[in-house]
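See structure below.
Here is how names work: the chains are called A, B, and so on, in the same order as the sequence lines, proteins then strands, and each is numbered from 1.
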2 protein chains.
Amino acid sequence: MNSVSPLPSSTSFRLGTLGAVATARFTARIAALGLKPKDVGLLTLLRAGGPLSQLEAAKAMGVAPSLVVTVADRLELLGAVRRLRDPGDRRRQQLTLTQQGQALLDRCAGAAHELDAEFTAELDEPERTALDRTLAKLAAAHGLPA
Amino acid sequence: MNSVSPLPSSTSFRLGTLGAVATARFTARIAALGLKPKDVGLLTLLRAGGPLSQLEAAKAMGVAPSLVVTVADRLELLGAVRRLRDPGDRRRQQLTLTQQGQALLDRCAGAAHELDAEFTAELDEPERTALDRTLAKLAAAHGLPA
DNA sequence: GGCAACCGTTCTGACCGTGAACGGTCCCGT
DNA sequence: ACGGGACCGTTCACGGTCAGAACGGTTGCC
């Protein structure tokens with residue numbers, strides 16, 4: 001008569017809590033590289049989409065343009081991105097990924113895969129690949145990066 | 001020679017971003033009920049684990065005890081939980097779920113399932129169940145609620 | 001040549017959560 | 001009986017993250 005359905009049995013709900021745990025651990029790992037999650041987001045975006053203006057980056061990331069300033073500042077300080085005024089339109093700041101940025105991103109990827117292994121340790125191989133496949137599908141369906 | 005592996009191909013990474021989207025949408029929906037995500041967490045905990053002290057709740061949720069105060073305040077104001085001093089140990093505040101709380105939680109469950117349907121619309125049925133099954137497994141493995 | 005639209009930057013403010021400090025309560029040794 | 005230490009809940013001050021408004025420099029259009 002009571003409890004129509006135990007709430008945590010919702011896929012979205014589990015996705016949310018698990019996602020929070022995953023990002024927390026990921027954040028901890030990349031902190032050693034001087035990076036924060038949004039930084040990785042921007043770097044990834046730049047590698048995938050070539051040079052971008054900050055506004056384009058903001059739209060793609062779904063954040064306010066003012067936030068991109070902060071992120072780009074930090075990344076520029078790390079030598080991971082270069083900022084240069086578009087000669088054709090001097091209002092725009094072209095963000096380009098440097099080789100150092102590439103290298104940094106690769107180390108992030110390494111950390112991410114370590115985390116994957118640790119995080120999905122209790123799954124067997126077919127489950128892991130099925131999960132990854134499905135998540136990729138969902139990500140694409142919701143217009144997320146890559 | 002470049003890009004060892006495109007980073008967003010990490011399961012953890014996708015889990016993180018998708019989780020963020022899911023919680024954002026969930027948050028928007030339950031806002032109409034006057035609830036925030038942590039509130040739902042506490043309500044769920046109370047239904048599953050019976051009456052709890054605030055400290056126990058804090059540990060189970062993985063948050064600071066001071067935060068539980070805020071959440072319990074809001075829920076008490078909504079009439080969703082009752083706070084009463086444990087007669088056996090008057091330091092403890094026993095949190096119990098009221099019938100209104102039950103009802104509220106049921107409405108949350110409804111919202112969550114609507115969201116599930118919407119969020120996983122592009123998956124076919126076997127994929128959906130497989131995903132849910134796997135996420136449940138992961139949640140359990142990481143000591144998350146229920 | 002002037003005006004509106006646009007991009008990036010700065011700054012202010014809201015929100016969320018932790019950690020420290022405090023009062024009330026309990027337990028234990030003496 | 002009683003005093004000190006541990007414990008629970010509450011309050012408060014603080015840090016971190018992000019959005020939104022305001023501003024300067026730049027462009028394109030009329």
Would you check if the side chain of Ser10(B) reaches a backbone N or O of Phe13(B) as a donor-acceptor pair within less than 3.5 Å? yes
For Ser12(A), enumerate each residue passing the side chain to side chain donor-acceptor pair (under 3.5 Å) test, keeping only those at least two apart in sequence or located in another chain. Asp116(B)
Filter on ring pair (Phe, Tyr, Trp, His ring centres under 6.0 Å), then keep only pairs touching residues 118-137 of chain A, sequence neighbours left out; what's left? Phe119(A)-His142(B)
Using heavy-atom distances to pick each residue's nearest nucleotide on DNA chain D, tell me which of Arg85(B) and Pro87(A) is more 5'. Arg85(B)
Provide, to the nearest angstrom, the distance between the NZ atom belonging to Lys59(B) and the C1' atom belonging to dC8(D). 10 Å
Got a list of side-chain donor-acceptor pairs under 3.5 Å for residues 55-63 of chain B, not counting sequence neighbours?
{"residue": "Glu56(B)", "atom": "OE1", "partner": "Ser53(B)", "partner atom": "N", "Å": "2.8"}
{"residue": "Glu56(B)", "atom": "OE1", "partner": "Ser53(B)", "partner atom": "OG", "Å": "3.4"}
{"residue": "Glu56(B)", "atom": "OE2", "partner": "Arg92(B)", "partner atom": "NH2", "Å": "2.9"}

I'd like to know if Leu67(A) and Leu46(A) are part of one continuous hydrophobic network [Ile/Leu/Val/Met/Phe/Trp/Tyr, side-chain heavy atoms within less than 4.5 Å]. yes
Suppose we screen for salt bridge (Lys or Arg N to Asp or Glu O under 4.0 Å). Which residues come up paired with Arg90(A), at least two apart in sequence or across chains? none
Given atom CG of Asp86(A) and atom P of dT26(D), what is their separation to the nearest angstrom? 14 Å
Any pair with a residue in residues 134-145 of chain B that passes salt bridge (charged side-chain N to carboxylate O under 4.0 Å, His left out), sequence neighbours left out, goes on the list, sorted by first then second residue, please. Glu127(A)-Lys137(B)
With the sugar-phosphate defined as primed atoms, P, OP1 and OP2, and the base as all remaining atoms, what B/S/- string results for nucleotides 2-7 of chain D, 5' to 3', for protein heavy atoms under 4.0 Å? ----BB
Taking distance alone, no hydrogens or angles, what donor-acceptor pairs closer than 3.5 Å link side-chain atoms of residues 28-42 of chain B to residues at least two apart or in another chain?
{"residue": "Arg29(B)", "atom": "NH1", "partner": "Glu114(B)", "partner atom": "OE1", "Å": "2.8"}
{"residue": "Arg29(B)", "atom": "NH2", "partner": "Glu118(B)", "partner atom": "OE1", "Å": "2.5"}
{"residue": "Asp39(B)", "atom": "OD1", "partner": "Arg74(B)", "partner atom": "NE", "Å": "3.4"}
{"residue": "Asp39(B)", "atom": "OD1", "partner": "Arg74(B)", "partner atom": "NH2", "Å": "2.9"}
{"residue": "Asp39(B)", "atom": "OD2", "partner": "Lys36(B)", "partner atom": "N", "Å": "3.0"}
{"residue": "Asp39(B)", "atom": "OD2", "partner": "Arg74(B)", "partner atom": "NE", "Å": "2.8"}

Footprint ends on DNA chain C, 5' to 3', for atoms under 4.0 angstrom from a heavy atom of chain B, come out as dC16(C) to dC26(C)
Expressed in angstrom and rounded to an integer, what is the separation of Gln93(B) atom CD from dT11(D) atom C1'? 14 Å
With 3.5 Å as the limit, what N/O pairs link the protein to nucleotides 18-22 of chain D?
{"residue": "dA19(D)", "atom": "OP2", "partner": "Ala64(A)", "partner atom": "N", "Å": "3.1"}
{"residue": "dG20(D)", "atom": "O6", "partner": "Ser66(A)", "partner atom": "OG", "Å": "3.2"}

Suppose we screen for salt bridge (Lys or Arg N to Asp or Glu O under 4.0 Å). Which residues come up paired with Asp132(A), at least two apart in sequence or across chains? Arg14(B)
Any residue meeting side chain to side chain contact (heavy atoms under 4.5 Å, CB included) with Ala72(B), in chain and number order, not counting sequence neighbours: Gln54(B), Arg83(B), Leu95(B)
Is there any ring pair (Phe, Tyr, Trp, His ring centres under 6.0 Å) pair reaching into residues 58-99 of chain A, and which pairs are they, with sequence neighbours excluded? none
To the nearest angstrom, the CG-C1' distance between Asp89(B) and dC8(D) comes to 8 Å
